[in-house]
Amino acid sequence: MSRILIIEDEVAIAELEKDYLELSGFDVDVETDGELGADRALSEEFDLIILDLMLPNMDGFEICKKIREEKNIPIIMVSAKKEDIDKIRGLGLGADDYITKPFSPSELVARVKAHLARYKRLIGSGAKVNDVIEIRGLKIDKTARRVFINDEEKNFTTKEFDLLTFLAENPNHVYTKEELFREIWDMESIGDIATVTVHIKKIREKIEYNTSKPQYIETIWGVGYRFKV
Ligand code: CA
């Protein structure tokens, strides 16, 4: 999991950024003091820094310069003033990106992801990336056990998640209800295979645009189900 440090003295903004980034699966720390933030950025292992410009005790210019002397992790600088952004660019402090407040949290998340991806390619670190299956707007994050449809998260129970993931990992393969029951419920299927039907129905309600015309999990009449790709 990527670790992010937010150095921001406006607590409400810091908390908003933190919430959104945590929802996206990042491990986020906040520091509201410039000097303490710089110390942590230098002494601890973070993958990315979100750095406000105006901060108590040490400003973002100085912090950016200090970090750059020692580390090449991505730095996203944030400022309320467009002019400040222009000034930072002009100084060539080595920040990777600049965002003017107010900004949408989703834009911040998108930029964070882009910079982390670029940085990881750059260092070729084999840093751990979540194991994700993506098919036509359906995204299954196996590492975080989360499911999204067009970037909107859907809540899945454990069994629903296991069933969907199993089918998605074995696309175009028709499974009988008995096979799915054995696979997911992990017991000899003298139990109730109607459970499978119920779970498929619930999954479809969450991921299908039109449950009577499923795009993902097809019913093969008289046989079972198949994940279509
Ligand atoms: Ca500030």
Side-chain angles (χ1 to χ4, degrees), residues 1-125 127-130 132 139 141 143-144 146 148 150-153:
M1 190 191 286
S2 296
R3 282 191 79 202
I4 296 173
L5 177 64
I6 298 171
I7 310 177
E8 166 67 72
D9 58 337
E10 290 182 62
V11 175
I13 292 180
E15 287 303 315
L16 184 70
E17 293 173 355
K18 185 174 193 278
D19 286 350
Y20 271 83
L21 290 165
E22 285 181 340
L23 278 172
S24 300
F26 297 109
D27 185 358
V28 184
D29 284 6
V30 172
E31 200 56 68
T32 54
D33 177 272
E35 209 170 350
L36 293 174
D39 284 348
R40 291 195 62 189
L42 292 172
S43 63
E44 296 182 36
E45 290 299 318
F46 290 99
D47 300 291
L48 183 143
I49 310 287
I50 295 172
L51 181 58
D52 183 34
L53 192 57
M54 302 314 288
L55 291 159
N57 294 321
M58 189 185 291
D59 67 28
F61 295 106
E62 187 67 24
I63 297 170
C64 186
K65 209 168 122 231
K66 277 183 178 292
I67 297 172
R68 268 295 163 269
E69 282 167 5
E70 289 191 40
K71 298 186 177 206
N72 63 349
I73 50 172
I75 301 173
I76 299 178
M77 294 203 74
V78 175
S79 172
K81 289 192 207 142
K82 173 79 171 56
E83 304 87 282
D84 285 337
I85 300 280
D86 295 338
K87 191 175 160 197
I88 313 168
R89 280 185 205 276
L91 285 172
L93 293 173
D96 296 86
D97 208 345
Y98 311 87
I99 300 184
T100 315
K101 292 178 197 171
F103 49 83
S104 76
S106 56
E107 189 198 355
L108 178 71
V109 170
R111 293 207 196 181
V112 164
K113 284 181 177 170
H115 284 289
L116 282 171
R118 194 183 53 81
Y119 181 62
K120 279 172 183 163
R121 279 199 303 277
L122 202 71
I123 58 175
S125 69
K128 285 205 175 66
V129 175
N130 282 14
V132 171
K139 185 166 121 186
D141 185 331
T143 315
R146 299 167 77 186
F148 302 83
N150 300 322
D151 292 329
E152 187 191 333
E153 183 162 16

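Below, each value reflects all heavy atoms present in this structure, side chains not excepted, and no hydrogens, waters or symmetry copies. Both ligands and their constituent atoms are indexed starting at 1 by order of listing.
Of the listed residues (Glu22, Glu45, Glu44), just one forms a salt bridge (Lys or Arg N to Asp or Glu O under 4.0 Å) with Arg3, and that residue is Glu44.
At the Ca ion (ligand 1), the angle from OD2 in Asp52 to O in Met54 is 90° when rounded to 10°.
Inclusion of Glu10 in the first shell of the Ca ion (ligand 1) is not supported: no N, O or S atom falls under 3.0 Å. At least one N/O/S atom of Asp9, whether from backbone or side chain, sits less than 3.0 Å from the Ca ion (ligand 1).
Salt bridge annotation for Asp96-Arg68: present, with a cationic side-chain nitrogen under 4.0 angstrom from a carboxylate oxygen. A salt bridge links Asp52 with Lys101; the closest basic N to acidic carboxylate O contact falls under 4.0 Å. A salt bridge links Glu107 and Arg111; the closest N-O separation between the charged side-chain nitrogens and carboxylate oxygens is under 4.0 Å.
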